[in-house]
Amino acid sequence: MEQTTKKIIIALDGFSSCGKSTFAKAIAARLGYIFIDTGAMYRAVTLYALEQGAIGENGVDEAAVVQLLPQINISFRFNAERGASDVYVNGELVEDKIRSIEVSNAVSSVSSIGAVREKLVAMQQQMGRERGVVMDGRDIGTVVFPDAELKIFMTAEATVRAQRRYAELTAKGDNVTLEEILENVISRDKADMERAISPLRQAEDAVVLDNSHMSVEEQMAWFMERYEAIVNA
Ligand code: DC
């Protein structure tokens, strides 16, 4: 009798701009898994807080953000064209808006609020309860799914990440310098690692993938070897 392959949770944590979501999307497509971009959820809360005036010139009003939380309904819908899910806030498609510079600048502060993390972590645990998911973030292997069968900690040299981001932004016509991008990459790393609640750190049982000098095909081969070993064990 044919056996169905067991479904697992793949936790993908790591630094910003090292290609986590591209990699997660490719894995999900290959395995027929659901890809969940948890960064998009923190960005969605940040966007709503900006729109409701809870973030102003003096920065993030934490109490106001916490008060808004019960009214924020985040959902995902699969977009076949992108091969990934789009994020919605209270029924409105916000996939583009959450990538704006205003959201990027405020999201570190919003994601350091305990009540925000509690709400989003609970949602993420619910979304992964049937396994068969690739979840990308900063605390998936340490906090959200400490029992994930495969934990990957992704990294790449800061200069390589800055260069990739620079190529991406200049291709879109953005007027940026490599120096300012490198500065942003380094400061985001620092903020993610030094946050008091759920800082970015490698889970003890995570495998490290440094993709500084790897092609997407090489990364996939690296992944499949580890995945097969787990599901066939
Ligand atoms: O992956 P990203 O750059 O879109 O994430 C946006 C921000 O959200 C990032 O600054 C860190 C935060 N984040 C987090 O604190 N925990 C997660 N699981 C995912 C993202």
Side-chain angles (χ1 to χ4, degrees), residues 9-25 27-28 34-50 55 59-60 62 65 69 72 74 76 82 84-87 89 94-128 133-146 148 151-156 158 161-162 164-166 168-169 181 183-203 206 209 211:
I9 288 180
I10 299 158
L12 198 54
D13 290 305
F15 294 99
S16 66
S17 308
C18 64
K20 284 196 306 297
S21 47
T22 307
F23 188 49
K25 216 161 83 173
I27 294 173
I34 294 167
F35 159 48
I36 298 162
D37 175 359
T38 64
M41 299 167 74
Y42 289 94
R43 287 174 179 274
V45 171
T46 306
L47 174 70
Y48 191 79
L50 272 166
I55 302 172
V60 176
E62 290 198 12
V65 174
L69 280 177
I72 308 179
I74 298 171
F76 286 98
R82 257 183 6 102
S85 294
D86 288 334
V87 67
V89 174
V94 293
E95 190 56 43
D96 284 338
K97 280 194 196 168
I98 61 165
R99 314 281 164 197
S100 72
I101 191 75
E102 290 78 17
V103 171
S104 297
N105 284 340
V107 66
S108 284
S109 303
V110 172
S111 62
S112 68
I113 302 172
V116 171
R117 302 205 71 86
E118 256 172 53
K119 173 176 169 122
L120 298 188
V121 166
M123 269 186 74
Q124 291 153 12
Q125 289 171 335
Q126 182 69 11
M127 292 192 280
V133 296
V134 188
M135 211 173 263
D136 121 34
R138 305 291 190 284
D139 59 342
I140 311 305
T142 51
V143 176
V144 183
F145 284 110
K151 299 181 187 178
I152 300 171
F153 190 82
M154 249 175 115
T155 181
R161 287 187 281 136
R164 287 178 188 160
R165 188 124 186 78
Y166 176 72
E168 225 174 73
L169 292 173
I181 303 273
E183 230 168 78
N184 177 267
V185 162
I186 293 170
S187 75
R188 282 232 275 159
D189 287 354
K190 195 165 140 60
D192 283 350
M193 287 188 295
E194 292 181 354
R195 177 171 68 212
I197 313 166
S198 308
L200 170 65
R201 67 179 173 81
Q202 186 189 328
L209 171 61
N211 71 1

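Atoms within a ligand are numbered from 1 in the order they appear, just like the ligands themselves. As the structure is a computational prediction, the values presented were derived from the model and not from experiment.
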- Query: Any side-chain heavy-atom pair from K97 and V103 closer than 4.5 angstrom?
  - Reply: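 SC-SC contact between K97 and V103 ruled out.
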- Considering only heavy atoms, which protein residues lie less than 4.0 Å from any atom of ligand 1?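 Around ligand 1, where the cutoff is 4.0 Å for heavy atoms, the contacting residues are T38, G39, Y42, R43, V107, S108, S111, R117, G137, R138, D139, R188, D192, R195.
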- Mind checking the CG-OG spacing from D37 to S85? Nearest 0.5 Å is all I need. 9.5 Å
- Message: Checking I113 now: which residues fulfil side-chain contact (heavy atoms from CB on, under 4.5 Å) with it, not counting sequence neighbours?
- Response: V60, E62, V65, V66, V116
- May I ask you to decide if I72's main-chain N or O and K119's side chain share a donor-acceptor pair within less than 3.5 Å? yes
- Query: So, the side chain of K20 versus the backbone of D136: is there a donor-acceptor pair under 3.5 Å, distance only?
  - Reply: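 No, the answer is negative, given that no donor and acceptor are paired below the 3.5 Å cut-off.
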- Nearest heavy-atom pair of R195 and S111: which atoms, and what distance? NH1-OG, 3.7 Å
